[in-house]
Amino acid sequence: PADFYLIDASGSMWNNGWQNWEDVVNASIKPGGKVYLSIMKGCYDGKALGKITPQGGTEIWWSYWILLDKMKPGQKLVIISDFQSNVPLTSRERVMIDNKVREKQVEVISIRP
């Protein structure tokens, strides 16, 4: 169970069975937990997960960075993504994210299809 879920809603995630990821979240979200999607367009706050059609590119890194700002020490984030970004992270950017996770004192788990 996690406090936050960040789901990659890019087109490549559609190929691996979107329903499976919805089932993972529904089975394990904590009461009061939040689900966020990283999607380029076609989504708005409050839209039901089952009404989303994954599309576009994987831009998970920006969403991840912003979501870390919402977290409090001791909280857990699960990221569900294939991490097939059109713009890969640089070594410096990876270190920046790792440092932010450590400073926030949060736990991050990633699940890849």
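Scope of the values below: all heavy atoms of this structure, side chains included, with no hydrogens, waters or symmetry mates.
- The closest side-chain heavy-atom distance from Lys30 to Asp3 is below 4.5 Å.
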- request: Show your reasoning for whether side chain to side chain contact (heavy atoms under 4.5 Å, CB included) applies to Asp82 and Arg112.
  value: CA-CA 5 Å; Asp82 58 14; Arg112 295 177 188 231; 5.9 Å; no

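- Ile109 has its side chain out of reach of Ile79: every pair of non-hydrogen atoms, C-beta onward, lies at least 4.5 Å apart.
- In this structure, the side chains of Asn99 and Met96 stay at 4.5 Å or more apart for every pair of heavy atoms.
- Taking CD from Glu103 and CD from Gln105, the interatomic distance works out to 9.5 Å, rounded to the nearest 0.5 Å.
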Only distances under 3.5 Å count here; give the side-chain donor-acceptor pairs of residues 64-78 to other protein atoms, sequence neighbours excluded, each with its distance to 0.1 Å.
residue, atom, partner, partner atom, Å
Asp69, OD1, Lys100, NZ, 2.6
Asp69, OD2, Lys100, NZ, 3.4
Gln75, OE1, Lys72, N, 2.7

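- When all heavy atoms of Leu37 and Ala9 are compared, the pair lying nearest together is CB-CB, 4.4 Å.
- Asp8 approaches Phe83 most closely through the heavy-atom pair OD2-N, 4.2 Å.
- The side-chain heavy atoms of Trp61 and Ser85, taken from C-beta on, include a pair separated by under 4.5 Å.
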- request: Mind running side chain to side chain contact (heavy atoms under 4.5 Å, CB included) on Ile7 and Ser38 for me, showing each step along the way?
  value: CA-CA 6 Å; Ile7 303 175; Ser38 183; over 6 Å; no

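- Under a hydrophobic-cluster definition in which Ile, Leu, Val, Met, Phe, Trp and Tyr are linked whenever side-chain heavy atoms come within less than 4.5 Å, directly or via other members, Trp62 and Val101 are assigned to the same cluster.
- Taking the side chain as every heavy atom from C-beta outward, Tyr36 and Tyr5 never approach each other to under 4.5 Å.
- Counted within 6.0 Å of NZ on Lys34, heavy atoms from surrounding residues, nucleotides or ligands total 12 or fewer; the atom is thus considered open.
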